[in-house]
Amino acid sequence: MKKLIIENSGEVNHEEGLSIFDIISDKDKQTAKKAILAEIELKDGSKKLVDLTFKVNDDLKMKLLFPEDAESLDTLNHSTSHIMAAAIKKIYPEAKFAIGPSIKDGFYYDFELDKVISPENLKPIEDEMKKIISSNYSFIRKEITKNEAKKIFKDNPYKLELIDGINDEYVSIYETGDFIDLCSGPHIISTSKVGAFKLLSVAGAYWRGNENNKMLIRIYGTAFFNKEDLKNYLERIERAKLSDHRKIGKDLELYSFHDEAPGFPFWHPKGMIIRNIIIDYWRKIHQENGYQEIQTPVILSNQLWHTSGHWDHYKENMYFVKIDGNDYAIKPMNCPGAILVYKSKQHSYREFPIRYAELGLVHRHEKSGVLHGLFRVRNFTQDDAHIFALDEQLTAEITSIINMIGKMYSIFGFKDYHVELSTRPADRIGSDEMWDMAEQKLEEAIKENNLVYKINPGDGAFYGPKIDFHIKDSLERTWQCATIQLDFAMPEKFDITYMGEDNLKHRPVMLHRVILGSVERFIGILIENYSGNLPLWIAPVQIAILPISDKYQQYSDNVFKKLKEEGYRVEIDNRVESLNKKIRQAELSKIPLMVIIGEKEQESGTITIRKKAGGDIKNIEIKEFINILRENIENKKTYFE
RNA sequence: GCUGGUGUAGCUCAAUAGGUAGAGCAGCUGACUUGUAAUCAGCAGGUUGGGGGUUCAAGUCCUCUCGCCAGCUCCA
């Protein structure tokens, strides 16, 4: 007899070779029915997820996982991807399957097929999947040798390549009905565990994520243990779409895009108000932190871009122009300009660190398929800075930047962002020693500041590694905003120096950094995070004055003038329309505050405030209202109080 | 750039099986003077993204092209 210790539910003695499911079933049928997976403890103390069909041959400690555990939903999605593959195989026997993992909120499977798959082909696949699910097939795991596996998958180049990549003599396969897949698992015990699923979209995806490889067909789907969860998920996605900055930007007249300039945003008056508020605050915080603002040209000679390395490593993304027969480029980055400013005079170690800030308008030729509202455009303003420093000043400088990022993000209401350390890319300048040093320095700074981070290998800039800060949009896609880049290479390329204490020339180190990232992307993500309901201090229109009829026009005009004089962004709706209509339109325009003026207000010399977020303040004095406004705006409050 | 989808008035959407474009909102005009999310009536608005083709006839079919959307690659 062997002993199975189940976390939180005691011990069971059992015969050797029984599956976890059988053992639990003997003890408690209900629990066995509900369980999805088991997390077993290996001899070395580490944990591993296994199927419920896992055979127990020894004493074992484990924990059962149920539908409410996150790992269970992952597994369900992964298993559903197998079910989808099985269905596709039924309809298109010639399909060759590549990989089919679970992802956040769903799963996909990539496969090669010499046919066009469009959304209308999804329905038949779903129908076939339903048949498989109701057939209640078991997921049967088998461990076989690589050679055996190669025989099974002899017609599938993708699986063969995967098998070759496995560092083990044995591989595992799973059988579901007559469908066999190479897979490490784990899986649900039977197809009937899939309570609800939906195929969502079809797209192309390169094999192994490499654009030089063949493009496969990818079908995305999502699965849940019950129908209610699927319904909630689909509703959540629909709701998130209402926060789309592309829609809100158009509705609120913030900016527009036109066929005449794809990827180049047009800023409208109300959008400019948001931009300028952000920039005003940005200037203030940079002055406080010892930055000096500069501005460098948009067009610079090709010669410069040869020197900087952009010609060799960034040309594909650049635009070029000819002036008087000479070749120039439109800047894709601000660094070379800042370096020319630095080089315009001699520098002493006593000046360091020198912090040049620049709101630099850059142009990049982004591939047409990647353009995405304000998140991905072809011209944008980086809130850039280039810091020239001594080696020993780097850690303090990086820490100071990290603090500025934290402060600005919290002021703008971003709490949920994550950090990545992007290391050396294949296409780069500078020696390996430089990269070792730079990467190490950044990692030290991250650790010193106790940031939680992950490594993003190969994603650094061509001149140096970087710490990236990512923020989520309404659909929880993440976008890189802030970045801190450490650069030993450019100072060398441009041969920049300073005079040291020893009266000798030395080479400074350079930090490139942005906080907002680009003003455009930042505004896009700001809008999505607030669903367009911007805090009072940022809202392009702060107050809408709504006279109930034109009998109160004069009094309303006085209130309007008063607020305007105080510097508030206020509009008055003088149309002869119902109050209901005026309120509705102010609501749709996402104006945070409405001032309602009728007979009562006029008589008592007061106003009534209707907050967009809900709730009224009845009959208050204008003076008092202004005090409240001032209080909210000066403190940059997220919600009006 | 690649894969798939899509493109009708400022916005949201109609238009049977190809028969030559229709509505609501917004706009303009007029009436209504209104107390917490759309008052009523009238008017005006489109060579159906653009080019080419098939056809007696194209918003509808074919083709090229551009934009947009989802995803892949790439990125602030």
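Side chains are part of it too, since the values below use all heavy atoms of this structure and drop only hydrogens, waters and symmetry mates. Values in this document were obtained by computation on a predicted structure and should not be read as measured data.
Aromatic pair A:Phe97/A:Tyr109: centroids less than 6.0 angstrom apart. Between A:Tyr409 and A:Tyr417, the distance from one ring center to the other falls under 6.0 angstrom.
Remark: B:C61 base-pairs with B:G53. Criterion, Watson-Crick or G-U wobble with two distances under 3.5 Å. Pairing for B:G24 is with B:C11, a Watson-Crick or G-U wobble pair whose two hydrogen-bonding atom distances lie under 3.5 Å. Checking B:G71 for Watson-Crick or G-U wobble geometry (two distances, each under 3.5 Å) identifies B:C2 as its partner. B:A76: no Watson-Crick or G-U partner with both key distances under 3.5 Å is found in any strand.
Comparing A:Gly458 and A:Lys612 by the nucleotide of RNA chain B whose heavy atom lies nearest to each, the residue mapping closer to the 5' end is A:Lys612. Residue order along RNA chain B, read from the 5' end via each residue's closest nucleotide, puts A:Val202 first among A:Val202 and A:Gly460.
As judged by a 4.0 angstrom heavy-atom cut-off over every strand, A:Phe375 is placed among the base-contacting residues. Within 4.0 Å (heavy atoms only), A:Val576 reaches at least one base atom of the nucleic acid. Within the nucleic acid shown, A:Ser368 comes within 4.0 Å of at least one base atom, counting heavy atoms only. Nucleic acid contact for A:Lys367: base, since at least one base atom lies under 4.0 Å from a heavy atom of the residue. Among the heavy atoms of the strands lying under 4.0 Å from A:Gln480 are primed sugar atoms or P, OP1, OP2 only; no base atom is included. Among the protein residues, A:Glu316 comes within range of no part of the nucleic acid, since none of its heavy atoms lies under 4.0 Å from any strand. Contact annotation for A:Val377: base contact, defined as any heavy-atom pair under 4.0 Å involving a base atom. If you check every strand for non-hydrogen atoms under 4.0 Å, A:Ile117 touches sugar and phosphate atoms only. Using a 4.0 Å heavy-atom cutoff across all strands shown, A:Glu601 reaches at least one base atom of the nucleic acid. A:Gly517 comes within 4.0 angstrom of the backbone, heavy atoms only, and of no base. A:Gly209 comes within contact range of the sugar-phosphate backbone alone, with a heavy-atom separation under 4.0 Å but no base atom that close. Across all strands, A:His372 comes closer than 4.0 Å only to sugar-phosphate atoms, never to a base (heavy-atom distances). Contact annotation for A:Asn212: no contact, since no heavy-atom pair falls under 4.0 Å across all strands. A:Glu520 comes within 4.0 angstrom of no nucleic acid atom, judged by non-hydrogen atoms across all strands.
Rounded to whole Å, the C1' atom of B:C64 lies 15 Å from the corresponding atom of B:U54. The same atom, C1', is picked in B:G51 and in B:C13; the two are 28 Å apart, to the nearest Å. Separation of the C1' atoms belonging to B:G46 and B:A21 is 8 Å when rounded to the nearest angstrom. Comparing B:U65 with B:A57, their C1' atoms are spaced 25 Å from each other, to the whole Å. Annotation: B:G45 and B:U39 have their P atoms spaced 26 Å apart (nearest Å). Between B:A58 and B:G19, the two C1' atoms lie 10 Å apart (nearest whole Å). For the C1' atom pair drawn from B:A38 and B:C2, the interatomic distance equals 46 Å after rounding to whole Å. Rounded to a whole angstrom, the distance from the C1' atom of B:C25 to that of B:C66 is 29 Å.
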**Study point:** Intermediate values then yes/no, side-chain contact (heavy atoms from CB on, under 4.5 Å), A:Thr608 and A:Asn619
**Key:** CA-CA 5 Å; A:Thr608 289; A:Asn619 296 88; 4.0 Å; yes
Practice item. Carefully, step by step, assess A:Leu254 and A:His268 under the rule side-chain contact (heavy atoms from CB on, under 4.5 Å). Key: CA-CA 5 Å; A:Leu254 304 178; A:His268 294 215; 6.0 Å; no
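Side chain of A:Gln542 to backbone of A:Pro592: no donor-acceptor contact under 3.5 angstrom is found.
Nucleotides of RNA chain B with any atom under 4.0 Å from a heavy atom of chain A span, from 5' to 3', B:G1 to B:A76.
Remark: the A:Asp473 side chain and the A:Trp479 side chain contain an N/O donor-acceptor pair separated by less than 3.5 Å. Between the side chains of A:Glu112 and A:Tyr158, at least one donor N or O lies within less than 3.5 Å of an accepting N or O.
Among A:Val362, A:Leu374, A:Leu361, the single residue meeting the side-chain contact (heavy atoms from CB on, under 4.5 Å) criterion with A:Phe380 is A:Val362.
Judged by the 6.0 Å distance and 45° axis criteria, A:Arg218 is positioned over the aromatic ring of A:Tyr108.
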